[in-house]
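Taking it in order: structure first as structure tokens, then the write-up.
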Protein chains: 2
Amino acid sequence: MSPMASPESVRRHNLSLLLRLLHQSGALSRSEMGSALGMTRSTIGELVADLRARGLVEEGDPARLGSPGRPSMVARPNPEGAAAITAEIAVNSLSAAVVGLGGRILHRARVTHQPRRLAVDQTIEDVGKLIQTAQASIPAGCWVAGLGIALAGVVRRADGMVHFAPNLGWRDVPLGRLVAERLGSSLPVLIANEADLGALAEHTWGAGVGVHHLVYVSSEVGVGGGLVIDGRPLVGAAGCAGEVGHFQVNPRGERCRCGAIGCWETEIGGPAIVRRIGIAEKNYRPEAVTRLLREATWGDPAALAAVEDVGHWLGSGLAGLVNVFNPQRVVLGGLLATMWPVVDQIVQAELRARVMAPAIDVEELIRPTQLGADGPLLGAAELALTRVLDEPTLVPARTHERRSA
Amino acid sequence: MSPMASPESVRRHNLSLLLRLLHQSGALSRSEMGSALGMTRSTIGELVADLRARGLVEEGDPARLGSPGRPSMVARPNPEGAAAITAEIAVNSLSAAVVGLGGRILHRARVTHQPRRLAVDQTIEDVGKLIQTAQASIPAGCWVAGLGIALAGVVRRADGMVHFAPNLGWRDVPLGRLVAERLGSSLPVLIANEADLGALAEHTWGAGVGVHHLVYVSSEVGVGGGLVIDGRPLVGAAGCAGEVGHFQVNPRGERCRCGAIGCWETEIGGPAIVRRIGIAEKNYRPEAVTRLLREATWGDPAALAAVEDVGHWLGSGLAGLVNVFNPQRVVLGGLLATMWPVVDQIVQAELRARVMAPAIDVEELIRPTQLGADGPLLGAAELALTRVLDEPTLVPARTHERRSA
């Protein structure tokens with residue numbers, strides 16, 4: 001607690017509060033901003049003018065800014081004022097995007113391939129090309145906060161070292177350094193686990209907005225998790241927290257790609273889902289899961305039995321996480337979100353049987369993702385945009401904007 | 001961020017910082033206090049004088065204050081200056097204690113009984129007597145911060161409602177209100193889960209001092225857990241977080257007292273440990289576990305096999321928690337601490353096989369409790385003492401102390 005905060009540092013702090021508010025909420029009137037932040041209209045007016053001069057905020061007629069029906073002038077974040085480049089290295093796709101303030105996706109490219117272990121060099125080459133194309137699409141005058149990368153693996157955030165990505169087949173890959181070398185740029189590169197970033201994105205813009213205690217679980221080939229505790233991401237001592245897919249749930253189960261037996265991933269990961277209808281792991285394709293779900297919906301007995309079994313494993317594992325974290329909301333991503341409408345009853349019944357805490361409305365507790373496959377890219381953007389959200393004065397005022405103000 | 005903190009509020013904040021430092025660290029010299037808090041010697045001197053006047057701190061010769069070998073005057077918390085009454089309602093014991101500042105236990109009584117479901121009325125009567133005896137032992141002039149109660153169950157902290165305590169056989173018991181009525185006093189009554197409080201105590205004075213990310217797991221009849229994340233207790237949305245004993249680890253396992261099948265508790269709880277040598281749950285006694293461990297140490301094959309099996313289940317579950325929380329330290333309490341020297345190798349091997357995060361030294365990661373059976377009582381004291389640690393000026397200055405100052 002410092003009793004001597006200077007007027008200048010207070011002002012910078014307030015600029016940050018306001019920009020973050022608009023970034024999360026979209027268009028707001030001055031009185032909405034004032035009541036959200038406990039500031040007077042004149043203070044809000046000065047702060048908005050400052051952020052406008054830097055090109056970070058637009059202000060005007062609600063209809064013009066896509067917020068019709070509002071009574072007065074609104075301000076909104078300017079997605080072309082500051083943006084992040086983001087990329088995702090997943091087991092069956094590579095993506096890159098440009099995400100502007102407010103979480104607006106300005107550009108996106110995704111290349112899917114069959115799930116396979118990826119050669120590090122080729123992946124960096126491929127994702128580097130996607131990133132460069134994304135970078136070239138950035139509008140002139142847009143301030144670029146950095147490059148955020150989401151990856152299905154255990155990552156040390158401090159330097160982007162990928163310790164272990166069993167489903168990519170990677171161990172101890174200095175991805176941060178390799179990507180920076182490939183791009184030859186001085187952009188900050190920030191790398192984190194894709195489920196952690198999915199959780200961050202859902203918390204900022206998706207099914208977890210306003211939730212202080214959030215559990216996010218996502219499944220593609222592997223199963224990842226991200227946690228928000230008291231409004232803050234759980235990162236753990238070395239930034240490796242959230243690996244929920246590797247609880248041993250079935251001591252007589254299958255060997256996991258992590259090397260252990262019977263991890264949760266071996267029961268609810270994509271290959272595990274379709275193993276139940278006789279599809280060998282090496283022949284796994286994500287489309288097989290959607291086909292299975294369709295057949296279950298039609299009432300095919302084998303498909304129904306498979307889906308029910310997965311539902312039980314999903315429910316008992318989620319109940320364990322709910323007992324440990326006592327969350328307000330559980331958000332499901334990836335294949336788990338796709339499956340949700342088919343398994344919701346089974347999962348809810350498992351939770352009713354297993355959750356210790358009282359007064360949990362299991363029908364309200366669990367929600368599928370609202371951001372879909374974009375979640376990790378948006379979370380990676382949030383990671384990179386934090387710089388400008390924390391310190392908007394990093395972005396210089398624009399001369400022509402000043403003149404017109 | 002307030003730019004207008006008054007000198008008075010800064011001073012109160014600094015008094016709180018200093019009292020908390022001494023409470024956690026014990027005797028310190030003025031220069032040690034100054035460097036820990038970034039304050040000048042003269043500020044420290046003024047703050048110590050204020051806390052002395054309130055009877056919260058003693059200052060003097062290191063030898064006299066039990067800190068011989070130090071070069072200069074030291075200050076230490078005065079355990080008789082402010083204290084908490086604490087109680088523990090466990091499956092096989094009731095306890096009460098008086099704990100003074102600095103975590104010094106001034107009085108303690110424990111009544112053990114065979115594990116059994118407890119009648120609520122009788123328990124409140126019995127623990128009420130222990131609490132009144134404790135209260136009567138409090139030295140004259142000691143400021144009593146409140147009554148903290150540790151309980152083996154799921155508790156809503158706000159009002160001390162016990163939602164579910166399967167091993168006591170309790171559901172929806174308004175313990176806070178009942179205890180206050182029994183005592184007829186206006187003391188604040190604060191109730192929390194005993195493992196949460198064990199974690200808090202280990203973090204304050206025990207095997208988790210200085211650890212920002214701590215997992216605490218304790219077993220008696222049931223298995224409880226407490227987490228510290230980024231230096232703060234994980235309480236969850238309704239204060240019910242930390243129920244680590246109810247992950248489903250064995251789908252073909254035993255029925256748990258919570259009603260579900262195959263919870264971790266059904267493999268590593270006290271009755272589960274000795275079930276392996278043929279002792280039925282209804283005949284369970286804690287001493288059977290110590291006897292089993294002794295026999296295993298002597299090399300008895302049946303005992304060894306039982307202990308090894310428990311070690312594997314303990315290790316795989318701890319690995320799951322380490323993957324989720326990425327802690328710096330795991331502290332084991334209760335029977336798990338007793339077992340630790342016999343199962344440490346097995347547990348460490350499970351962690352090596354299952355933990356995803358790199359650079360975790362599994363031999364350094366896990367520690368048995370340093371506070372033993374006192375942990376929950378000390379944690380309950382911490383809960384109650386928070387009032388005076390946050391606001392030392394609640395305790396009025398003592399007239400005679402002022403005169404001698």
Side-chain angles (χ1 to χ4, degrees), chain A residues 1-7 9-10 13 154 156 161 163-164 166 172 211-213 225 227 229-230 232 234-252 258-260 262-264 313 316-317 319-321 323-328 353-360, chain B residues 1-7 9-10 13 154 156 161 163-164 166 172 211-213 225 227 229-230 232 234-252 258-260 262-264 313 316-317 319-321 323-328 353-360:
Chain A
M1 183 167 87
S2 160
M4 310 244 285
S6 69
S9 72
V10 172
H13 181 70
V154 177
R156 182 169 67 203
M161 168 64 82
H163 292 298
F164 188 27
D172 297 324
V211 169
H212 293 286
H213 299 271
L227 289 309
I229 312 260
D230 252 335
R232 302 188 307 174
L234 170 66
V235 294
C240 305
E243 289 294 338
V244 303
H246 300 275
F247 260 100
Q248 186 178 46
V249 298
N250 189 356
R252 304 181 194 202
C258 80
C263 296
W264 198 23
W313 289 102
S316 69
L321 292 174
N323 280 328
V324 169
F325 287 101
N326 184 205
Q328 293 159 284
R354 295 196 155 267
V355 167
M356 311 278 289
I360 287 190
Chain B
M1 183 168 86
S2 159
M4 311 244 285
S6 70
S9 72
V10 172
H13 182 71
V154 177
R156 182 169 67 204
M161 169 63 83
H163 292 297
F164 188 27
D172 297 324
V211 170
H212 294 285
H213 299 271
L227 290 309
I229 313 259
D230 251 336
R232 303 188 309 173
L234 171 66
V235 294
C240 304
E243 289 293 338
V244 302
H246 300 275
F247 260 102
Q248 184 176 48
V249 298
N250 189 354
R252 304 182 195 204
C258 80
C263 295
W264 198 24
W313 288 102
S316 69
L321 292 174
N323 280 328
V324 170
F325 286 101
N326 184 205
Q328 292 159 285
R354 294 194 156 269
V355 167
M356 312 277 289
I360 285 191

Comparing Arg232(B), Arg156(B), Met161(B) against chain A, the one with the most heavy-atom pairs below 4.5 Å turns out to be Arg232(B)
Side chain to side chain, Cys258(B) and Met356(A), heavy atoms closer than 4.5 Å
yes
What are the two closest heavy atoms between Ser316(A) and Gln248(B), and how far apart are they?
OG-OE1, 3.1 Å
Phe325(B) side chain near Leu234(A) side chain, heavy-atom distance below 4.5 Å
yes
Determine the option with the most heavy-atom pairs under 4.5 angstrom with chain A, choosing from Leu321(B), Val355(B), Val211(B).
Leu321(B)
Is chain B contacted by the side chain of Arg252(A), its backbone, both, or neither, given a heavy-atom distance below 4.5 Å?
side chain
In terms of heavy-atom proximity below 4.5 Å to chain A, should His212(B) be classed as side chain, backbone, both, or neither?
neither
Heavy-atom contact with chain A under 4.5 Å, split by part of Ala319(B):
neither
Specify the closest pair of heavy atoms between Val324(A) and Phe247(B), including all atoms of both residues, with the distance to one decimal.
CG2-CE1, 3.4 Å
Chain B contact via Pro7(A) - which portion, at a heavy-atom distance below 4.5 Å
neither
Quick one: are Cys263(B) and Arg354(A) in side-chain contact, heavy atoms under 4.5 Å?
yes
Do you know which of Val154(A), Asn250(A), Val235(A), Val249(A) has the most heavy-atom pairs under 4.5 Å to chain B?
Val249(A)
Distance (rounded to the nearest 0.5 Å) between Ile229(A) CD1 and Asp230(B) CG:
10.0 Å
At a 4.5 Å cut-off on heavy atoms, which part of Trp313(B) comes close to chain A: side chain, backbone, both, or neither?
side chain
Counting heavy-atom pairs under 4.5 Å to chain A, which of Ala237(B), Pro327(B), Pro251(B) comes out on top?
Ala237(B)
